[in-house]
Protein chains: 2
Amino acid sequence: MNPETRPPRWQRRAEARPQEVLEAALAVFVERGYASARLDEVARRAGVAKATLYLYYANKLELFKAVVRHALVDNLDEVARLQAAAGARPGREQLTFLLHAFMRRVAGSPLSGIPKLVMAEAGNFPELARFYHDEVIARGRAIICGTLARGIAAGEFRAVDVDYAWRVVIGPALLAIIWKHSFLAFEDRGMDFERHLAVHLDMLFNGLAAPDQKGTRDEP
Amino acid sequence: MNPETRPPRWQRRAEARPQEVLEAALAVFVERGYASARLDEVARRAGVAKATLYLYYANKLELFKAVVRHALVDNLDEVARLQAAAGARPGREQLTFLLHAFMRRVAGSPLSGIPKLVMAEAGNFPELARFYHDEVIARGRAIICGTLARGIAAGEFRAVDVDYAWRVVIGPALLAIIWKHSFLAFEDRGMDFERHLAVHLDMLFNGLAAPDQKGTRDEP
DNA sequence: GCTATAAATGACTCTTCAGTCACTTATAGC
DNA sequence: GCTATAAGTGACTGAAGAGTCATTTATAGC
């Protein structure tokens with residue numbers, strides 16, 4: 001054998017490794033949950049040996065926290081951007097924009113596993129759940145509630161109880177992305193997120209009730 | 001010491017044990033997930049020794065399956081009862097009845113942990129997730145879709161796409177019970193499930209948009 | 001090319017539980 | 001009361017996987 005034609009057994013890529021490990025770990029944690037996730041599996045998917053993980057993260061828990069923190073930072077950046085972009089447009093347009101951005105940004109990316117992961121592990125890592133609750137959920141809620149309140153004040157929306165309405169607004173979208181990671185494989189036909197969002201928005205603004213349900217029909 | 005005043009170290013209660021173990025196991029599995037759940041903890045909460053669990057369930061996996069299967073049977077009974085009770089009433093009344101029953105029956109009981117548990121473990125136990133999907137979700141969906149379709153045919157509901165609308169209908173309710181097991185502890189004020197449902201139903205039927213948003217006001 | 005050293009590894013240890021088993025004890029039937 | 005036995009237990013074992021470490025190897029700088 002020619003030693004010079006044999007490729008190196010590995011490469012030194014100290015800059016790229018942490019990110020790659022994080023991505024592999026996110027996928028494994030989302031699929032299996034914290035306790036069932038095997039670090040051998042994370043290493044395999046990241047293309048390194050298990051011991052290499054420990055060069056970058058002190059232990060499994062620190063890796064887990066880094067995964068969530070990293071995803072969190074991405075989310076917060078996005079939330080801030082949305083908050084700025086939402087501006088003072090009409091409430092309807094604003095909610096449409098927010099939910100579209102949420103679905104496009106989150107639903108299609110590995111990030112979408114984070115809500116499921118945090119919910120599943122809330123009992124095991126309450127500090128993490130609280131962190132997520134306070135930093136992501138509370139901000140998202142504030143944006144939605146603000147938009148709702150302004151819409152109500154402007155006479156654009158009916159006077160719903162915003163403290164409960166915000167969960168009704170985000171519920172179907174959040175459920176859709178949790179669904180994706182749990183049951184999508186069992187659905188005969190897949191789920192079209194665009195279509196889901198379109199139906200969701202239509203029902204959110206216009207309701208289910210036909211407009212002529214007060215006893216008289218205005219149209220044939 | 002008087003040997004006759006000393007209470008027995010334990011009692012033989014072969015009829016009650018399995019049920020008690022199942023209840024303790026459900027609580028622990030929901031809180032911690034399958035892999036993190038300790039059988040010592042299950043035994044402690046059921047008031048028995050760990051070895052006693054093995055008198056009634058062959059191993060951890062069988063116990064887990066028994067927990068889900070047991071909860072499933074309860075759910076299916078309920079679903080069948082609802083299906084019968086829903087009858088041929090107007091769609092609006094029917095959906096209100098269904099969601100009320102769902103919230104009252106599920107939200108307040110330990111059963112409410114099952115959806116969270118099954119979602120969290122779907123990656124680890126796909127057969128179980130499929131079972132749940134086919135037996136519980138598919139039936140619930142069929143009931144909602146049927147009600148929607150009949151309401152649309154009767155002109156009571158607008159002609160939404162029922163294949164997507166059903167998730168919008170159940171989404172906020174399902175999210176509420178998942179919430180309860182993950183984030184409720186971090187909310188300043190608790191969540192009033194009755195109030196949540198009231199807001200949910202109001203928005204579901206009437207939508208967010210104020211009725212005078214087409215440019216003209218029909219009523220003062 | 002040589003060398004220093006950071007990057008990476010494979011084979012190891014040690015802990016944590018799931019699961020077992022020999023033994024104890026409650027209790028039903030005589 | 002005695003006894004047979006089912007119900008229950010505490011202390012053990014074995015496996016799996018997190019975490020360690022001595023050794024190997026890629027590569028930057030000279």
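Each chain gets a letter, A, B and so on, in the order the sequences are listed, and its residues count up from 1. All values reported here derive from a predicted model rather than from experimental measurement.
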- Base partner of C/dG19, which must satisfy Watson-Crick or wobble distances under 3.5 Å: D/dC12
- Message: Let's see if you get this right: which residues in residues 15-24 of chain A place a heavy atom under 4.0 Å from DNA chain C?
- Response: A/Arg17
- Task: Could you list by number each residue of residues 34-54 of chain B showing a heavy-atom separation from DNA chain C of less than 4.0 Å, or answer none if no residue does?
- Result: B/Ala37, B/Arg38, B/Leu39, B/Lys50, B/Ala51, B/Tyr54
- Message: Using a heavy-atom cut-off of 4.0 Å across all strands, would you classify B/Tyr56 as base, sugar-phosphate, or nothing?
- Response: sugar-phosphate
- Mind checking salt bridge (Lys or Arg N to Asp or Glu O under 4.0 Å) for B/Glu194 and listing every partner two or more places apart, or none if nothing turns up? none
- Query: Taking only residues two or more places apart in sequence, or in another chain, which ones meet A/Arg32 in a salt bridge (Lys or Arg N to Asp or Glu O under 4.0 Å)?
  - Reply: none
Using atom names, set out every protein N or O paired with an N or O of nucleotides 27-30 of chain C below 3.5 Å, distance rounded to 0.1 Å.
residue: C/dT27; atom: O4'; partner: B/Arg12; partner atom: NH1; Å: 3.3

- For the side chain of B/Asn59, counting heavy atoms from C-beta on, which of C/dG19, D/dT25, D/dA7 is nearest? C/dG19
- Item | salt bridge (Lys or Arg N to Asp or Glu O under 4.0 Å) partners of A/Lys65, counting only residues at least two apart | A/Glu62
- Query: In the structure shown, which nucleotide is the Watson-Crick or G-U wobble counterpart of C/dA7, with both distances under 3.5 Å?
  - Reply: D/dT24
Donor-acceptor pairs are to be reported for all side-chain atoms of residues 19-28 of chain B against protein atoms at under 3.5 Å, with residues two or more places apart or in another chain.
residue: B/Gln19; atom: NE2; partner: B/Glu23; partner atom: OE2; Å: 2.7
residue: B/Glu20; atom: OE2; partner: B/Arg13; partner atom: NH2; Å: 2.5

- Note on the structure: The complete set of ring pair (Phe, Tyr, Trp, His ring centres under 6.0 Å) pairs with one or both residues in residues 13-35 of chain B, sequence neighbours excluded, reads B/Phe29-B/Tyr34, B/Phe29-B/Phe64, B/Tyr34-B/Phe64, B/Tyr34-B/Phe125
- Between atom CG in B/Leu55 and atom P in C/dA26, what is the gap in whole Å? 16 Å
Let me have the donor-acceptor pairs involving side chains of residues 179-186 of chain B, under 3.5 Å, with sequence neighbours excluded, atom names and distances please.
residue: B/Trp179; atom: NE1; partner: B/Glu187; partner atom: OE2; Å: 2.9
residue: B/Lys180; atom: NZ; partner: B/Ala107; partner atom: O; Å: 2.4
residue: B/Lys180; atom: NZ; partner: B/Ser112; partner atom: OG; Å: 3.4
residue: B/His181; atom: NE2; partner: B/Ser112; partner atom: OG; Å: 2.7
residue: B/His181; atom: NE2; partner: B/Gly113; partner atom: N; Å: 3.4
residue: B/Ser182; atom: OG; partner: A/Met119; partner atom: O; Å: 3.2
residue: B/Ser182; atom: OG; partner: B/Ile178; partner atom: O; Å: 3.4

- Item | Length of the line joining A/Arg9:CZ and D/dA26:P, which is rounded to integer Å | 7 Å
- Note on the structure: The salt bridge (Lys or Arg N to Asp or Glu O under 4.0 Å) partners of B/Asp134 (sequence neighbours excluded) come to B/Arg130
- Task: Could you tell me whether the side chain of A/Thr52 and the main chain of A/Val48 form a donor-acceptor pair under 3.5 Å?
- Result: no
- Item | Donor-acceptor pair, side chain of A/Lys50 and main chain of A/Val42, under 3.5 angstrom | no
- Hey, could you give me each pair passing side-chain hydrogen bond (donor to acceptor under 3.5 Å, both in side chains) that has a residue in residues 163-175 of chain A? Not counting sequence neighbours. A/Asp163-B/Arg189
- Residue pairs passing the salt bridge (Lys or Arg N to Asp or Glu O under 4.0 Å) test where at least one lies in residues 97-120 of chain B, sequence neighbours excluded: B/Glu78-B/Arg105
